[in-house]
Structure formats: structure tokens, C-alpha cells
Asker: 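Below is the structure I would like to discuss, written out as C-alpha cells.
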Amino acid sequence: MQITGHGLRGLKGARRALDAGNSGTTMRLLAGILAGQEFMTQLTGDASLQKRPMKRVVGPLREMGADIRAREDNFAPLEIRGGRLHAIDFKMPMASAQVKSSVLLAGLFAEGETIVTEPARTRDHTELALEEFGAPIEKTGKTIRLAGLVAVNGSAKLHARSLDVPATCLRPCFLSPQHHFFQTRTYSFTTSA
């Protein structure tokens, strides 16, 4: 698989709602990425996804400065009016890799250092990917610190890599959407059994 990105601000607004289908991961991670964009986007999903709570993601993204509207303040569809974000020190009330990842991805667009502290460790795919691509990220115990790329004199950026992704076809599907938005180079993913 080959992915070509268009830089930190390379996304453009969609004319229609983006449909995450039945994927809570897609909705929550895209919410973090879109919170830092300077346009409005609507995220929706199937009937099942629209019943799943989104407040755990919406809350910290609002705290960072995103304007997010949700049905009953908790459910999709989400309307995200992104813009200038500021870093937060987020102590997660419950462990969630999706919430953590959403806040870290928004942190790439924030001024300052975003800090996320987990009550218990969760999957670390996002931190590993961000580190591999050169994001200024530091992990100490259950705390992750990420310096926003917009705050480093505009010169910080993620770097393209060729990756071998072992054992599963799901991992490149997870990695490819989030990194498509940040780099001006081409990524190549290969899956090995």
C-alpha cells in the first residue's frame, strides 16, 4: 500500500458528511485530526455507531479549543468546526486507547505540549506510529507528552517511512488514515505474515 500525504494543513473540507460506518475507532481518531483543521466537517456512521457515546472524546477536544456539536451532546453525528487548538494536561478518567489517540492526534495541531495520563496502560499503536514518524513524543510510565507541530516555529514535521507491518492486515488500515494527513512524502506499507 502506498500513501501520499499533503502536509499538516493539507486536508480540505468535504461537501458531504464523512461516514465512519460501524467504526468507533475511525470516528474518534478522525475527530482528533479534524479538531485541528480550519473548516467544518460532519462525521456520521451507521445506526449502531450513532448509539455509541462520544462524550469521552468530545470533552477533551472541546477543552483544547475545538467547537464540536453532538446529538444530545454525546452521540453521532458530530459536527466539528476545527481551528486553533491549545495543549491540555488530560488525566483520563478511564482507560481508552481511542480517546488517548484522539487527544494525541489533536495535540499535533495544538500550540504547546499536550500531556495525556492514563489510569491504566492501553494499546500504544498511535504513540509508536507517531514516534516512528518523528513526532516530538515522550513516554514516561502512564504519561505521554507530545509537542504540537505548529508550535515549533512551523519547522517540525513528520517524516515518511517504509514499514513492514507484521501479521495482520488491520494494522496498516489503522495507520494509513492518521498519517495520510501529515506528511508531504510517500509512505509504503507492506504486510508480512
Asker: Atom CZ of residue position Arg62 - does it have more than 12 heavy atoms of other residues, nucleotides or ligands inside 6.0 Å?
Answerer: yes
Asker: How long is the gap from CZ on Arg52 to CE on Met27, to the nearest 0.5 Å?
Answerer: 9.0 Å
Asker: Specify the closest pair of heavy atoms between Phe109 and Ile33, including all atoms of both residues, with the distance to one decimal.
Answerer: CE1-O, 3.7 Å
Asker: Do you know which two heavy atoms are closest between Ala66 and Leu85, and how far apart they sit?
Answerer: N-CD2, 3.6 Å
Asker: If you take all heavy atoms of Glu38 and Gly83, which pair is closest and at what distance?
Answerer: CG-CA, 4.3 Å
Asker: Hey, what do you get for OG1 (Thr143) to CD (Glu138), rounding to the nearest 0.5 Å?
Answerer: 9.5 Å
Asker: Quick check: are there more than 12 heavy atoms from other residues, nucleotides or ligands sitting under 6.0 Å from CZ of Arg84?
Answerer: no
Asker: Starting from the C-alpha separation in whole Å, work towards a yes-or-no answer on side chain to side chain contact (heavy atoms under 4.5 Å, CB included) for Met92 and Lys142.
Answerer: CA-CA 10 Å; Met92 297 177 62; Lys142 297 176 193 169; over 6 Å; no
Asker: Of all heavy-atom pairs between Ala110 and Met64, which one has the smallest distance, and what is that distance?
Answerer: CB-CE, 4.0 Å
Asker: Is the count of non-hydrogen atoms from other residues, nucleotides or ligands lying under 6.0 Å from Arg123 atom CZ greater than 12?
Answerer: no
Asker: Only one of Ile137, Thr126, Val103 passes side-chain contact (heavy atoms from CB on, under 4.5 Å) with Leu146; say which it is.
Answerer: Ile137
Asker: Do the side-chain N and O atoms of Glu118 and Thr122 include a donor-acceptor pair separated by under 3.5 angstrom?
Answerer: yes
